[in-house]
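Please read the structure below before turning to the comments.
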Amino acid sequence: MAASILRRSLLAPRCRAGDVAALHSGPSRRRAQGLGPIASGRRAGNSPAGERGVAPWVAVVGLEIHAQISSNSKLFSGSQVQFAAPPNSLVSFFDASLPGTLPALNRRCVEAAVMTGLALNCSINKKSLFDRKHYFYADLPAGYQITQQRLPVAVNGSLSYSLCVGGKKNQMVTRTVRIKQIQLEQDSGKSLHDDTRSQTLIDLNRADVGLMEVVMEPDMSSGEEAAAAVRELQLILQTLGSSQAIMAEGQLRVDANVSVHHPGEAYGVRTEVKNINSARFLARAIDYEIQRQIKELENGGTVMNETRAFDYKLGCTIPMRDKEGKQDYRFMPEPNLPPLILYDTKSLPANMNHQQVVNIDWIRERLPDLPSVRRVKLVEQYGILPEHSFTLLNEDGLMEFFENVVRQTPMNPRKLIGWILNDMLGYLKQHNLTVKESPVSSLFLADLLNLLEKGTISSSAAKQVLEELWKGEEKTPLQIVKEKKLELIQDQQELEQICQAVMEGHQEEVMEIKKGNQKVLNKLIGLVQRTTRGRADPVLVKQILEKRLSQ
């Protein structure tokens, strides 16, 4: 058949001190809302060194992202895919490039690429081609990589992402980056450098693992924008199931192309920062590289067309190799793989074996709700703010945790969301824990909030209970309340006596309130709460104090 056979898938110099300082003190720190062009007080480019003027710098950022496809087996062989497996334990004859071995295309990988292309608004090419990209490296035993250089599986898409501006989480803007193409290609092996023995060891477990390379146009201008775009892509891939996109495991690796220029002039010489495996490090690497290039140009130097790496410990990029001489990869058609032919409902022949083809329309109909749609539904369903919906989706497992709590308590979701985002998420970030590692389950948090809703405890007492729950001693909220004697004081006469005692001990505050300074009343309420160790209902306390102050 005309289509490809489809197999079913079950070191360099250290940074200078001045370079590191530029990251914090350079002109890009003054960009309006973190999004506008970088302003510089000195003009570079063709101007003589030292000539003064006022001209803004504009940064240009494009990304190339390699996402590992979620598949039980590799792109062209039947070898299993497993993270952290013993070295060279998952290597087929084809992966090791033994003579006479031939590739057999993994159907699952093709479907994942088509699904991703549709989610990113791409045009899916019904005919795409495979090519050989030649270069020599020890972990590439064939001496070439099979990729899609001439005609990839998907082209001309777009990705919309949102980010906060002005340092305020409630001020969000939406940006769009164009997707040039999505192509299938095989991964290489891994080189392990043993400096002690002065040798390099090769692990081919990763060789031939299926990748989707997502090439973004240079539509961004800061590390913050790039990081936001990558996080959104990561969410989309995870929602689709086309990639787990766990950056810490190398399943999502980013190369950033960075340049700076003056408005109206041609783009500057770009550098490429390779293999960044964290969105936070991506933002830092890009912002540093922008600063470094500006500083170089303003000092009368030139920016080299080179590949650089990001040293996260020093917070700077370091040179790896220059790219001044264009490398000849000697691209050629892959002779062992015919064109990949995809179909839609109209073009699918009646007598075609459905197990041997990929139907674009069939995949499109089964696309899940994407993160942008899920955010809208969260806002509509629970009445929360749009920025809250972003946080719920961006933190892995947090939305599921939130919805589990909502189902188990009558508390209004708009009130509940504060406990999730401020108290719950704040603790997890402070202790560098994921939602799944939380010592407080959704059931225990719901039980705690139910005690608060019933009036059994006050909000301040609830926070004390939550602190105890963080210890992970498996005590229920009710058990902690009884042990710590945190129930609300139900005897109003007792509460009135406590309020009277507080007023008598703080006559200056009482006089201030009687003079009209009602803000001081909150101080008295806080003093009552301190006296009762959070066991007083603040609403009732306020009523009692107001009544006594008016007498």
Side-chain angles (χ1 to χ4, degrees), residues 1-10 65-82 92 94 103-131 146-148 151-159 179 181-187 206 208-215 233-246 251-252 334 336-349 352-371 373:
M1 98 185 182
S4 297
I5 298 173
L6 294 174
R7 176 179 49 76
R8 294 184 120 193
S9 141
L10 295 177
I65 303 169
H66 289 87
Q68 180 179 316
I69 299 171
S70 291
S71 173
N72 292 331
S73 55
K74 297 182 180 180
L75 182 58
F76 297 119
S77 80
S79 296
Q80 185 181 355
V81 177
Q82 179 183 332
S92 72
F94 178 80
L105 184 57
N106 184 333
R107 175 193 180 94
R108 160 63 186 165
C109 292
V110 176
E111 291 176 336
V114 172
M115 187 185 306
T116 303
L118 293 172
L120 295 177
N121 307 302
C122 292
S123 298
I124 307 300
N125 287 321
K126 292 183 180 179
K127 176 182 178 181
S128 59
L129 305 173
F130 289 96
D131 304 279
I146 300 179
T147 182
Q148 292 188 309
L151 192 58
V153 68
V155 295
N156 301 331
S158 63
L159 169 67
I179 306 296
Q181 64 190 55
I182 300 174
Q183 61 194 52
L184 284 165
E185 63 185 30
Q186 59 181 169
D187 207 345
R206 205 174 66 184
D208 194 39
V209 167
L211 300 177
M212 293 178 289
E213 181 177 0
V214 181
V215 181
L233 176 63
Q234 185 180 33
L235 276 177
I236 291 173
L237 294 174
Q238 292 170 344
T239 300
L240 297 173
S242 58
S243 174
Q244 294 181 24
I246 302 173
Q251 296 178 3
L252 197 69
E334 167 56 55
N336 295 320
L337 285 169
L340 171 61
I341 305 299
L342 306 178
Y343 298 88
D344 56 19
T345 303
K346 293 181 180 179
S347 62
L348 185 65
M352 182 66 72
N353 184 343
H354 291 262
Q355 301 299 321
Q356 293 294 315
V357 299
V358 172
N359 187 329
I360 300 169
D361 289 336
W362 187 89
I363 295 174
R364 181 183 284 109
E365 292 169 0
R366 286 159 179 77
L367 287 177
D369 285 345
L370 296 179
V373 176

Will you find, in the side chains of Ser158 and Asn121, an N or O donor that is under 3.5 Å from an N or O acceptor?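 Checked: Ser158/Asn121 side chains pair up, N/O donor to acceptor below 3.5 Å.
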Side chains of Gln251 and Ser243 only: does a donor on one sit below 3.5 Å from an acceptor on the other?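 Checked: Gln251/Ser243 side chains show no N/O donor-acceptor pair below 3.5 Å.
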Pick out which of Ile182, Leu252, Leu159, Leu237 makes a side-chain contact (heavy atoms from CB on, under 4.5 Å) with Val214.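 That would be Ile182.
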Just so I know, are the side chains of Leu129 and Leu340 near enough to count as touching, which here means a heavy-atom distance under 4.5 Å?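 The answer is no, as the side chains (C-beta and beyond) never meet within the 4.5 Å cut-off.
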Partners passing side chain to side chain donor-acceptor pair (under 3.5 Å) against Asp344 (at least two apart in sequence or in another chain):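 For Asp344, the residues satisfying side chain to side chain donor-acceptor pair (under 3.5 Å) (neighbours in sequence not counted) are Lys126, Ser347.
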Cys122 vs Ile179, test: side chain to side chain contact (heavy atoms under 4.5 Å, CB included). Steps then yes/no. CA-CA 8 Å; Cys122 292; Ile179 306 296; 4.2 Å; yes
Which pair of heavy atoms, one from Ile124 and one from Ala154, lies closest together, and at what distance?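 Where Ile124 meets Ala154 most closely, the heavy atoms are CD1-CB, 3.8 Å.
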Nearest heavy-atom neighbours spanning Thr345 and Asp361: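 In this case the closest contact between Thr345 and Asp361 is N-OD2, 2.9 Å.
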Among residues at least two apart in sequence or on other chains, which ones pass salt bridge (Lys or Arg N to Asp or Glu O under 4.0 Å) with Glu185?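 Listed in chain order: nothing, the list is empty.
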Run the side-chain hydrogen bond (donor to acceptor under 3.5 Å, both in side chains) test on Asp208 and Ser79 for me, step by step, so that the C-alpha distance in whole Å, both residues' side-chain angles and the decisive distance to 0.1 Å come before the verdict. CA-CA 9 Å; Asp208 194 39; Ser79 296; over 6 Å; no
[X] (side chain) donor-acceptor with [Y] (main chain) under 3.5 angstrom:
{"X": "Asn125", "Y": "Leu151", "value": "no"}
{"X": "Gln186", "Y": "Ile146", "value": "yes"}
{"X": "Gln148", "Y": "Gln183", "value": "no"}

